[in-house]
Amino acid sequence: GLDISVTGGTTVNVTQTTTNSTNNTTATQGNVTVTGTAVTTAVTVTQSAKVTAAADAAGISAGDVTVTDVNASSATAAGTITAVTLTNFGAATLDGSALNTVTLAGNGTSLNIGRGALTATPTANTLTLNLNGITTSGAVTDTEAASDDGFTTIAINTATANSTLATLDVADATAITVAGAKNLTVTTLTAGALTSVTNSGSGALTIGSELATGVLYTGGTGVDTITVGATTKAITLGDGDDSVTVNASALGTGGSINGGVGTDTIALSVSAAVTATSDSKFSGTISNFERVSLTGTDGGTVNLANLGGINHITVAGTTGTLNLNGVTSGSTIVANTSVTGTLAAALSADGTNDTLNVNVSGTSARTHATVQANGFENLVFNTDDSATTPTGIAHAITTLTATAAKSVTVTGDAGLNLGTFSATTVTSFDASNVTKGAVTYTTGNLAASATLTGGAGDDSLNAAAAVTASTVITLN
């Protein structure tokens, strides 16, 4: 498209529309340049929405945008442009000392925000960033150098639609606030002077970068997802089903993390969790977490009793031996990645009717080499085919050791293949709620009468070894 250049006007509005009827090609809109005069206070640039070219689609991309205050190059004269609104843009550059409000929507490549050449500190050191359904592929950057006259507070509003910033780079910002009902993801946050992030909104806020140890985070009523290290601050996640990844085995002096209201998850590497749960110190610095996610494939012993008694544990595909000690009856282990080593769960207190739930999900079959669940009388396997249309996969446990198991239940839209499971204590094996996929189970020499019930798939229930007591098999 043709480039557009505008100079002057109190309020400048530029609208550029482009059509393209040729599939697998991209029509690029013209670049837009706006230069203010002494009376210019606001600039709005709107371009046609991005369309990605494909065999069945004609592409459209936005042009670059440059907005320059009349006094951007002056060391003594203050700027006049206070607000800029961009809807769909390529590489955008804004420059002016009076700018305090930027509104973004649609798709953008990158945005550089300069403060002009004014030598005096600008009076507006808070940038209000209204994000109305913006997705950027590059960075939104305050281009003032660290410790210069960049914005010290970034006030983000997410009022109308969900937004994603690939990078937010604000070197001078000490505070970031987020308000609004819509979701915001900041994949990479660069903010070396930052001391606080406050989410007062109800939308989900996800920050991909690890917050520095001296950053205080206060969550909102939505879902907060953050990463911290050995924080020295009192982190509170607020309401919602929040998640925090802790890249440390201990918090720093004065540090604490409160999950707040909701079903909250704390994520630790296995190696960090082994150290953190070796005594009760780490547990004393975290509160109100209902779930733990153990990342990495390392082995080791994680004592859940020293993790606040969390009873919902997600594990990765361990290649060694991962011992989960201090497991309470009714706990759930989620193992959606194949385990090539050994996954062992040990009760905190051995009762007479203890239950362990094991959840396995995937678009293809998962195989766990060895699972140990000694002491549990009731085993419940929740098997899931997470494909949009389940195809009848069957997850597998090559060797299952559960010497006290009496009742085994399998339920879900995927089957289960129990390779070696020779417990003699089983009296009930019930797969009647399996709606798709084959269930395979060969008993040991059962000590008492047992009932084995299959599901909707092509099941194989073999009780040939059960010669001591009678066994009833029902195949649906």
Side-chain angles (χ1 to χ4, degrees), residues 1 3-4 14 16 18 26-34 43-54 57 59-68 72 81 83-96 99 101-116 127-146 148 150-151 154-158 160-173 176 178 182-194 197 204-211 225-227:
D3 293 343
I4 299 171
V14 177
Q16 182 175 196
T18 297
T26 298
T28 301
Q29 297 169 87
N31 298 328
V32 178
T33 300
V34 177
V43 175
T44 298
V45 178
T46 303
Q47 301 185 62
S48 295
K50 175 183 176 180
V51 178
T52 300
I60 295 175
S61 66
D64 298 339
V65 177
T66 302
V67 177
T68 306
I81 297 175
V84 174
T85 299
L86 303 178
T87 301
N88 301 309
F89 53 92
T93 301
L94 314 179
D95 197 12
L99 187 65
T101 302
V102 174
T103 300
L104 305 176
N107 286 276
T109 300
S110 62
L111 172 62
N112 289 334
I113 304 173
R115 308 300 306 279
L127 174 65
T128 298
L129 199 54
N130 299 316
L131 304 180
N132 298 332
I134 179 65
T135 298
T136 66
S137 57
V140 174
T141 304
D142 178 350
T143 58
E144 296 300 317
D148 200 348
F151 295 103
I154 309 297
I156 299 174
N157 297 311
T158 63
T160 62
N162 299 338
S163 296
T164 298
L165 301 182
T167 299
L168 178 61
D169 187 347
V170 284
D172 291 313
I176 295 175
V178 180
K182 300 302 179 180
N183 302 340
L184 171 62
T185 297
V186 179
T187 305
T188 300
L189 174 63
T190 301
L194 191 65
V197 178
L205 175 59
T206 300
I207 299 176
S209 299
E210 179 180 318
L211 299 177
T225 303
I226 63 170
T227 300

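Computed from a prediction, not measured in an experiment: that's the story for all the values here.
Side-chain contact check for S61 and T28: at least one donor-acceptor pair (N or O, by modelled atom type) lies under 3.5 Å. D169 and T190 form no side-chain donor-acceptor contact under 3.5 Å, judged by distance and modelled atom types alone.
Distance CG/L168 to OG1/T141: 8.0 Å, rounded to 0.5 Å. Note that the CG atom of L86 and the CG atom of L111 stand 6.5 Å from one another [nearest 0.5 Å]. Rounding to the nearest 0.5 angstrom, the gap separating the CG atom in L165 from the CG atom in L131 is 5.5 Å. Separation of atoms CG (L205) and CD1 (I226) is listed at 9.0 Å; rounding is to 0.5 Å. In this structure, CG in D142 is found 7.5 Å from CG in L127, a value given to the nearest 0.5 Å.
Heavy atoms only, all atoms of each residue included: A62 and G90 are closest at CB-N, 3.8 Å. The heavy-atom pair separating N132 from A161 by the smallest distance is C-CB, 4.1 Å. Here the closest non-hydrogen pair linking A57 and T52 is CB-O, 3.7 Å. Closest heavy-atom contact between S163 and I134: OG-N, 3.1 Å. Between S110 and F89 the shortest heavy-atom distance is O-CE1, 3.5 Å.
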Output, in order, the C-alpha distance, side-chain angles, deciding distance and verdict of side chain to side chain contact (heavy atoms under 4.5 Å, CB included) for T187 and T167.
-> CA-CA 6 Å; T187 305; T167 299; over 6 Å; no

Please assess L129 against N157 for the test side chain to side chain contact (heavy atoms under 4.5 Å, CB included), listing each intermediate value before the final yes or no.
-> CA-CA 6 Å; L129 199 54; N157 297 311; over 6 Å; no

Could you go step by step and tell me if D64 and V32 meet the side chain to side chain contact (heavy atoms under 4.5 Å, CB included) rule?
-> CA-CA 6 Å; D64 298 339; V32 178; over 6 Å; no

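Judged by distance alone, with hydrogens and angles left aside, the side-chain atoms of N88 form a donor-acceptor pair with the main-chain N or O of Q47 at under 3.5 Å. Within the 3.5 Å criterion, the main-chain N or O of A166 finds a donor-acceptor partner in the side chain of T136. Checking side-chain atoms of T206 against main-chain N and O of T185 turns up no donor-acceptor pair under 3.5 Å. Using a distance-only test at 3.5 Å, with no hydrogens or angles considered, a donor-acceptor pair links the side chain of D3 to the main chain of N31. The backbone N or O of A83 lies less than 3.5 Å from no partner atom in the side chain of T101, so there is not a single donor-acceptor pair. Remark: the backbone N or O of S48 is not paired with any side-chain donor or acceptor of Q16 at under 3.5 angstrom. Checked by atom type and distance alone, the side chain of D95 never pairs as donor or acceptor with a backbone atom of A72 at under 3.5 Å. The main-chain N or O of T135 is never found under 3.5 Å from a side-chain atom of T164 such that the two would form a donor-acceptor pair. Between the side chain of N183 and the backbone N or O of A204, at least one donor-acceptor pair lies under 3.5 Å. A donor-acceptor pair is defined here as one N or O able to donate and one able to accept, closer than 3.5 Å; such a pair exists between the side chain of S209 and the backbone of L189.
In this structure the side chain of Q29 reaches within 4.5 angstrom of the side chain of I60, judged on heavy atoms. Annotation: side chain of F151 is not in contact with side chain of E144 (no heavy-atom distance under 4.5 Å). At least one side-chain heavy atom of I113 sits less than 4.5 Å from a side-chain heavy atom of L99. Side-chain atoms of V102 and T85, non-hydrogen and from C-beta on, never get closer than 4.5 Å to each other. The shortest distance between side-chain heavy atoms of V65 and T93 does not fall below 4.5 Å. Here the side chains of V14 and I4 are in contact, with some heavy-atom distance below 4.5 Å.
Each of I176, N130, V186 was evaluated against I156; a single residue qualifies, I176, per the side-chain contact (heavy atoms from CB on, under 4.5 Å) test.
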